[in-house]
Amino acid sequence: MSGAVTQRFRESEYVTATELLFAVLAGISGVAGSYAVAGYTRQFVVAPIDAQVVRLTPGSIVAFFITNIGEEGHLLHIALSVVLATGLLGGIALLGLRAADRLEESTLGIVLAGILAWGVTAQITKSPGLAVGAAAPVLIFTALGAAPSVEGDHSPARRRVVASAMAFVGVSAGVGQLLSEEPSQSSETPISDEVEGQLEQAESQELDISGDVPGLVSSIGEFYNVDIAEFDPDVPSDDWSMTITGEVGEDVTVTYDELTSRETEHRYVTLRCVGESLNGEKLDNAVWTGTPIKPLLDEADPEGECDCAMLRAEDDYFVQFPVDALEDAFLAWEMNGRPLPQSHGHPVRVLVPGHWGETNVKWLSEIELLDEEMDGYWEQRGWHGTGPVNTVAKLWSTTMLDSGNLELAGHTYAGTRGIERVEVSTDGGSTWQDAELSEPLPGDDVWRQWRYEFEPTGSHDVVVRAVDGEGNLQPEDRSDSFPSGSTGWVRERVNMMDASG
Ligand SMILES: Nc1nc2c(c(=O)[nH]1)N[C@H]1C(S)=C(S)[C@@H](COP(=O)(O)O)O[C@H]1N2
Ligand SMILES: [Mo]
C-alpha cells in the first residue's frame, strides 16, 4: 500500500470517539486474549492487579464483606480488577493510537502499543511468553483503529471490527474456561490400599440418612475452600521446599522428595473455618496422607523465648500460634489419595489437630520460630482464630419420611475433644432426647454424623446441641463468627408441611 493511501489528515488535538472505541475494544480483547492463553491463573493479566486490589483494601472492609456478603464479595473485587486491567491495556492502545495520529506514521504507534502491552503484562504477571496473549489483540485492534476505513459511526468496516472483537472475547472466554478446570486425576494413579480402606471404612460408618447431608469424607470437589488470594499459587512439587528457621539451633530445609520419603501416615482430619456462620457449611473432612511435623521440629531444635511459630506460605499468607500446637501436627501432600489439589495447598499443607481452619497453612514455605508473639494475617484484621475450635452440631437436613416421621440430621464436631453425644429438642428446649451418632472414625480430630427421627405434630421449635468428649455441654449463648467463631445452639422452626420429602 502506498504512503499516499495511509496518509492521514485527521490529526486532532483531542482523543476522538473512534480512538476511544478502539482503545476499549483493544483493552477488552487484550484481557480476553490473556485469559485464553493463561486461564484463571496467576499469569492472567487480571491476577496481579487483583492481588493489589485485595492488598490495598482496608481490613475493616474485608471483614464487612466476609460477614455480610460472603463468597459473592469476591465477584466485586474481581469485577473491579477486570475493569482496571481493561483500562490499563486500553490506555496503552489509546497511547498508540494518539502516537499514530501525531507522528503521521501509524506503524510506529501500533508497534509501540504492542510492545508496551507486552512489556507491562510480562512485568506484572512475570510471564513473558503468555503476555503475548494480551499484547497481540492490543496490537491488532490498535492497528484496526488506526485504519481510515473505520471512521464514521456506521461504517461497515467498523461494524465488522466490533463484531470480531466480541466474537474474539467469546471464544477466548471459552478457551480460558477449559484451561482453568483443574485436571481430573481420575484413573492416572491408583489410590493406595490404605487410603482406599479408609475411604471404605468412612462410607460403611455413615448413618442411613434420607436427607441430603454429606458423607463422612468430603469429596475433593465438595470440600470447602477459603483463600486470601483469588488466584492460588502454582507450586510444582519439584520446586517446593520448606525451611524451619528463626530461633532454632539449626535451620532445617526439606524438599518434596525428602518429605515424602519420610514415615508416611493416612489420617482423617476435619477442618472448620472460624468465619463460618453457626449452621454454615465451611466444615469438612478428608483422608490426608503426610508425615508428622514433630521430628523435623526436633531436628531444628526450637529455642525461642515465647515458643511461638510463624508459618508462612507462597501466597504471602502467614499465621502465628504456639509451637505446642505443632506437636501433633501433620504435613500433608495427598487428599483422599490424590496429590493435594492446587486450591487445597499443592504440594504441601499443614494440618493442626483441633485448631480453627486458618492454622492449616496451605502452600507452606517456612516455619519461623519467634522471640515474641506477632499477629498473623487474620489476627491483623481482628480475628482470634488460631486456638481450638468451638463445639458445634449442625442441622443440615429436615426430611419428611414416607412413614410420616420427620428426620433431622447433620454433622457434629468439637476438634480434639471429640463428641460424646448430640441432644435434640423438638419443643424449644424444654425436653431433650439423644440423637443417633455415627461410630467415631479413628483419629483425634474427626467429625461425626447425627440423626434423629420423631413423629411431628404440627410445627416444632427444633434445637440441637452437642456434648463434647470431655463432658462439656455446648454453650447456649449466641455469638457471631467474628472475631472468635460462632457459638450457640442451632435452632430452627420446623413445619411438617415445609420439610422436604
Ligand atoms: N496459604 C494459605 N493457607 C491458608 C489459607 C490461605 O488463604 N492461604 N486460608 C486458611 C483458612 S482461613 C482456612 S479455613 C483453611 C481452609 O482450607 P481449605 O481451603 O483447604 O478448606 O486454610 C487456611 N490456610
Ligand atoms: Mo478460615
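Order of listing sets the numbers, starting from 1, for every ligand and every atom in it.
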task = For the pair R451 and D208, find out whether any cationic side-chain nitrogen is under 4.0 Å from an anionic carboxylate oxygen.
result = no

query = Does a donor on one side chain and an acceptor on the other come within less than 3.5 Å for D251 and T245?
reply = yes

query = Under 4.0 angstrom from ligand 1, any heavy atom of R349?
reply = yes

ask   = Do E420 and R448 sit within salt-bridge range, that is, some charged N less than 4.0 Å from a carboxylate O?
value = no

Side-chain donor or acceptor of S180 paired with backbone N/O of G39 under 3.5 Å = no

key: Test item: Y317 side-chain N/O and E358 main-chain N/O as donor-acceptor pair under 3.5 Å   = yes

task = List the closest protein heavy-atom neighbour of atom 15 (C) of ligand 1: residue, atom name, distance to the nearest 0.1 Å.
result = G357 O, 3.4 Å

query = Counting both backbone and side chain atoms, is some N or O of N225 under 3.5 Å from an N or O of ligand 1?
reply = yes

Taking atom 8 (N) of ligand 1 as the reference point, the nearest protein heavy atom with its distance = D315 OD2, 2.7 Å

request  = Give yes or no for whether the N/O distance cutoff of 3.5 Å, strictly under, is met between I228 and ligand 1.
outcome  = yes

ask   = Does W378 have a non-hydrogen atom less than 4.0 Å from ligand 1?
value = yes

ask   = Does the N or O separation between L271 and ligand 1 drop below 3.5 Å for any pair?
value = no

inquiry  = Give me the nearest non-hydrogen protein atom to atom 9 (N) of ligand 1 as residue plus atom name, then the distance to 0.1 Å.
reply    = V226 O, 3.1 Å

inquiry  = Using heavy-atom distances only, which candidate in W356, F318, Y317 approaches atom 4 (C) of ligand 1 most closely?
reply    = Y317

query = Near N360, which atoms of ligand 1 are under 4.0 Å from a heavy atom of that residue?
reply = 22 (O), 23 (C), 24 (N)

note = From the list E281, E492, E276, salt bridge (charged side-chain N to carboxylate O under 4.0 Å, His left out) partner of K394 resolves to E276

message = Starting from atom 14 (S) of ligand 1, what is the nearest protein heavy atom, named by residue and atom, and what distance separates them?
response = Y224 OH, 3.2 Å

request  = Check N336 against V195 and note the closest heavy-atom contact, atom names and distance.
outcome  = C-CG1, 3.8 Å

ask   = Does K362 reach ligand 1 with a nitrogen or oxygen that is under 3.5 Å from one of the ligand's nitrogen or oxygen atoms?
value = yes

key: Salt bridge present between E368 and R312 (N-O < 4.0 angstrom)   = yes

ask   = Between H344 and ligand 1, does any nitrogen or oxygen pair lie at a separation below 3.5 Å?
value = yes

task = Could you tell me whether a side-chain N or O of D461 sits under 3.5 Å from a main-chain N or O of S425, the two making a donor and an acceptor?
result = no

request  = Record the part of C273 in heavy-atom contact with ligand 1 below 4.0 Å; permitted values are side chain, backbone, both and neither.
outcome  = both

